[in-house]
Undergrad: 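The structure under discussion is supplied below as structure tokens; questions concerning it will follow.
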Amino acid sequence: MATAAAPHAPAERHPLLAFVAIAWSWLFLLLLVLFFEFWARLQYGSTFVLNPYNLQSIALAASMPLLLALGQTLVIIAGGIDLSVGFVMGLASVVMATTMQATSGLHPGLSLLVGIAAALLVSVIPGFISGTLIARLAIPAFIGTLGMYGVCRGVGFLTASGTTVPVNNPWLFQLGNAKVLQVPVPVILTAIVVLVMHWVLREGRFGRYTYAIGGSKAAAVRAGINVPRHTVMLYMLSAFCAGIAGVVYTARFSAGAAQGGEPLLLDSIAAVVIGGASLFGGSGTIVGTVIGAFIIAVIQYGLVFINVAPFWQFVAVGVVIIVSVLIDQSRERLTGGGRRDE
Amino acid sequence: MSEPLLQISGLTKRFGGVTALSDVGLTVARGEVLALAGDNGAGKSTLIKAIAGVHSRDEGEIRFKGQPVDFATPSDARAAGIETIYQDLALADNLDIGANVFLGRERFTKFLGFLPRLDRETMRRESEKVLEQLEIDIETRKLTQPVRNLSGGQRQAVAIGRAIYWKAELLIMDEPTAALGVPEQRKVMELIQRLKAQGVAIIFISHNLHDIFAVSDRILVLRRGRNAGERAIGATNGDEVVKMMVGG
Ligand SMILES: Nc1ncnc2c1ncn2[C@@H]1O[C@H](COP(=O)(O)OP(=O)(O)OP(=O)(O)O)[C@@H](O)[C@H]1O
Ligand SMILES: [Mg+2]
């Protein structure tokens with residue numbers, strides 16, 4: 001056909017440039033690690049990345065924002081955004097802690113199970129509400145989830161009577177702090193959720209519909225996809241991931257805190273964006289989000305490691321977000337349009 | 001002649017106070033191409049949406065293959081064998097051809113014998129086959145790229161391919177060439193002829209008399225929501241069609 005007539009027919013670019021444009025986040029993560037590694041060798045005469053303690057700390061630091069970012073990835077691919085995840089996580093954490101306090105007479109394992117169940121059950125409620133507002137009442141995602149941000153924040157603090165809720169339960173402590181073959185349990189949990197979400201997004205019908213909705217809502221509707229129902233499920237899934245993060249938080253600190261997830265909201269969105277998802281919807285991957293979360297965690301941990309004032313973390317992450325979006329926008333040009341979105 | 005594939009009588013559709021269609025009748029036989037013409041706002045799009053299950057109707061009857069039908073959703077109409085291609089095509093631009101052709105009706109394989117997994121390979125191959133059948137070439141590397149990288153005519157072909165892959169017996173197209181360059185318009189017209197040869201019935205809306213006279217068997221003109229005239233294409237000419245459109 002007369003493709004040559006199309007005014008924006010993409011040209012083939014240098015394969016190396018195209019490779020860098022597609023794989024830049026991997027390369028950037030690699031460069032970051034190498035940088036801190038050289039720094040450690042030159043300044044301290046030690047190793048950064050080969051030290052298991054450092055690796056464990058980075059993976060732990062990445063795990064909670066990553067859990068939030070997993071559901072967020074799907075929401076963003078579908079063209080939405082979920083601002084409520086941080087306080088949904090806090091609410092789940094507080095609900096879990098108060099439930100476990102109330103059931104402290106039971107066997108510790110049973111009390112833990114009841115606490116987890118309560119946290120996960122409660123966590124999907126705000127997702128259901130914001131999803132319904134967005135999908136059925138045409139409230140913008142930004143507003144619907146901002147509303148739930150406030151509601152969960154308030155209800156979280158009310159449930160916790162304004163303080164943190166300590167829990168004394170050895171099983172809970174193990175869940176948050178034990179290691180299996182040197183790998184912290186929260187990291188293992190997060191890895192499992194990553195695998196499930198990756199499969200759901202890439203190989204499942206649910207993921208395919210998520211991309212379709214983000215690409216063209218009209219196309220999804222006409223293909224017979226129940227877009228409102230799917231949208232509600234996306235926000236419930238995001239809230240559920242936040243609920244799991246709340247469980248991990250409670251386990252790590254043996255306490256519930258309504259504000260526990262507050263600083264993680266922006267990290268979660270940053271991880272998704274650095275991972276290559278577009279805030280306009282239609283593109284993004286779980287693998288990208290994992291890389292994004294690790295880039296943030298390595299920057300945060302690495303800067304502390306080399307004794308830079310911790311506030312520089314914010315500057316560094318901010319710059320990385322902007323650079324990643326700039327690269328993303330020119331990627332079409334650099335790769336000659338050859339990239340896949342899923 | 002055997003019974004018509006689609007037969008509509010007395011169709012009336014109101015939007016609040018506006019009567020968009022009033023007592024409209026229409027028939028299409030198998031393998032026939034019917035052009036639907038009329039001025040802006042004459043009710044052409046409303047008519048095909050009433051057929052495709054997008055709009056409910058206020059009065060009238062629609063028979064498909066002799067049976068009275070009442071599609072509640074576009075999916076119902078598609079399941080019955082009526083595919084509609086809207087002017088905006090409604091492709092998911094971020095997905096590849098296979099994903100678009102199979103959107104909402106995905107194929108799965110089993111991973112390790114039990115885990116359901118999208119069967120990208122089959123969906124790609126099948127879509128490729130349909131496009132070949134339409135004699136549309138698309139560069140191999142573009143088969144796995146998002147369809148936004150395709151030209152307008154190729155995208156139109158994907159939308160048509162999606163419709164016919166599912167063995168549509170009636171294909172409805174709303175201004176299929178409006179957004180295309182001249183060579184691509186010609187390609188779509190060829191497509192319509194090829195589908196007709198395969199026995200597919202087609203209703204297409206067009207403002208382009210040249211296209212209408214090139215491929216259709218009959219023309220039906222609407223004016224202000226009413227039948228304004230119907231002619232076999234060999235028994236009319238441009239002047240008469242324009243007169244029917246504007247009245248007088
Ligand atoms: N959803 C709707 N709500 C209210 N009025 C509508 C709606 N859809 C169509 N109409 C009205 O029905 C009439 C017929 O519109 P329709 O879109 O069917 O015209 P058309 O023949 O397709 O015109 P065009 O050639 O411009 O596409 C117009 O007066 C239009 O304003
Ligand atoms: Mg119209």
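All values below come from the heavy atoms of this structure, side chains included, with hydrogens, waters and symmetry mates left out. Order of the sequence lines fixes the chain letters, A, B, ..., with proteins taken first and strands second; residue numbering starts at 1 for each chain.
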Undergrad: Around atom CZ of B/Arg186, are there more than 12 heavy atoms from other residues, nucleotides or ligands closer than 6.0 Å?
TA: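 No, CZ of B/Arg186 has 12 or fewer neighbouring heavy atoms, counting only those of other groups under 6.0 Å.
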Undergrad: Between A/Ala212, A/Gly207, A/Ala223, which residue shows the highest count of heavy-atom pairs closer than 4.5 Å to chain B?
TA: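 Ranked by heavy-atom pairs under 4.5 Å with chain B, first place is A/Ala223.
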Undergrad: In this structure, are over 12 heavy atoms from other groups packed under 6.0 Å from A/Phe128 atom CZ?
TA: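 Counting neighbours around CZ of A/Phe128, 12 or fewer heavy atoms of other residues, nucleotides or ligands fall under 6.0 Å, so no.
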Undergrad: Flag the pair A/Arg208 / B/Phe102 as yes when at least one side-chain heavy-atom distance between them is below 4.5 Å, and no otherwise.
TA: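 No; the side chains remain at least 4.5 Å from each other.
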Undergrad: Which atoms form the tightest heavy-atom contact between A/Arg202 and B/Arg120, and what is the distance?
TA: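 Between these two residues, the closest heavy atoms are O-NH2, 3.0 Å.
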Undergrad: Using every non-hydrogen atom in the two residues, find where B/Asn94 and A/Tyr211 come nearest and quote the distance to one decimal.
TA: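 Where B/Asn94 meets A/Tyr211 most closely, the heavy atoms are ND2-O, 2.9 Å.
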Undergrad: Please find the pair of heavy atoms, one from B/Ala90 and one from A/Ala219, that lie closest to each other, and give the distance.
TA: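 What the structure gives for the nearest pair is O-CB, 3.1 Å.
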Undergrad: Quick one: closest heavy-atom pair of A/Ser216 and B/Ala92, and the distance?
TA: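 Where A/Ser216 meets B/Ala92 most closely, the heavy atoms are CB-CA, 4.2 Å.
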Undergrad: Tell me if the CZ atom of B/Phe15 is crowded by more than 12 foreign heavy atoms within 6.0 Å.
TA: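 Enclosed: over 12 neighbouring heavy atoms sit under 6.0 Å from CZ of B/Phe15.
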Undergrad: Given A/Glu203, which partner from the list B/Thr109, B/Leu115, B/Leu118 fulfils the side-chain contact (heavy atoms from CB on, under 4.5 Å) test?
TA: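 Among B/Thr109, B/Leu115, B/Leu118, the one that satisfies the side-chain contact (heavy atoms from CB on, under 4.5 Å) with A/Glu203 is B/Leu118.
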Undergrad: What residues form a salt bridge (Lys or Arg N to Asp or Glu O under 4.0 Å) with B/Arg194, not counting sequence neighbours?
TA: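 Partners of B/Arg194 by the salt bridge (Lys or Arg N to Asp or Glu O under 4.0 Å) criterion, ordered by chain and then number, come out as B/Glu135, B/Glu190.
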Undergrad: Distance from B/Asp93 atom CG to A/Ser283 atom OG, nearest 0.5 Å?
TA: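 Going from the CG atom of B/Asp93 to the OG atom of A/Ser283 covers 12.5 Å.
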Undergrad: Pull out the residues in residues 67-86 of chain B that come under 4.5 Å of chain A, heavy atom to heavy atom, sorted by number.
TA: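 Residues B/Ser75, B/Arg78, B/Tyr86 are the ones that qualify, each having a heavy atom under 4.5 Å from chain A.
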Undergrad: Heavy-atom cut-off 4.5 Å, strictly under: side chain, backbone, both or neither for B/Leu103 against chain A?
TA: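 Interface part for B/Leu103: both.
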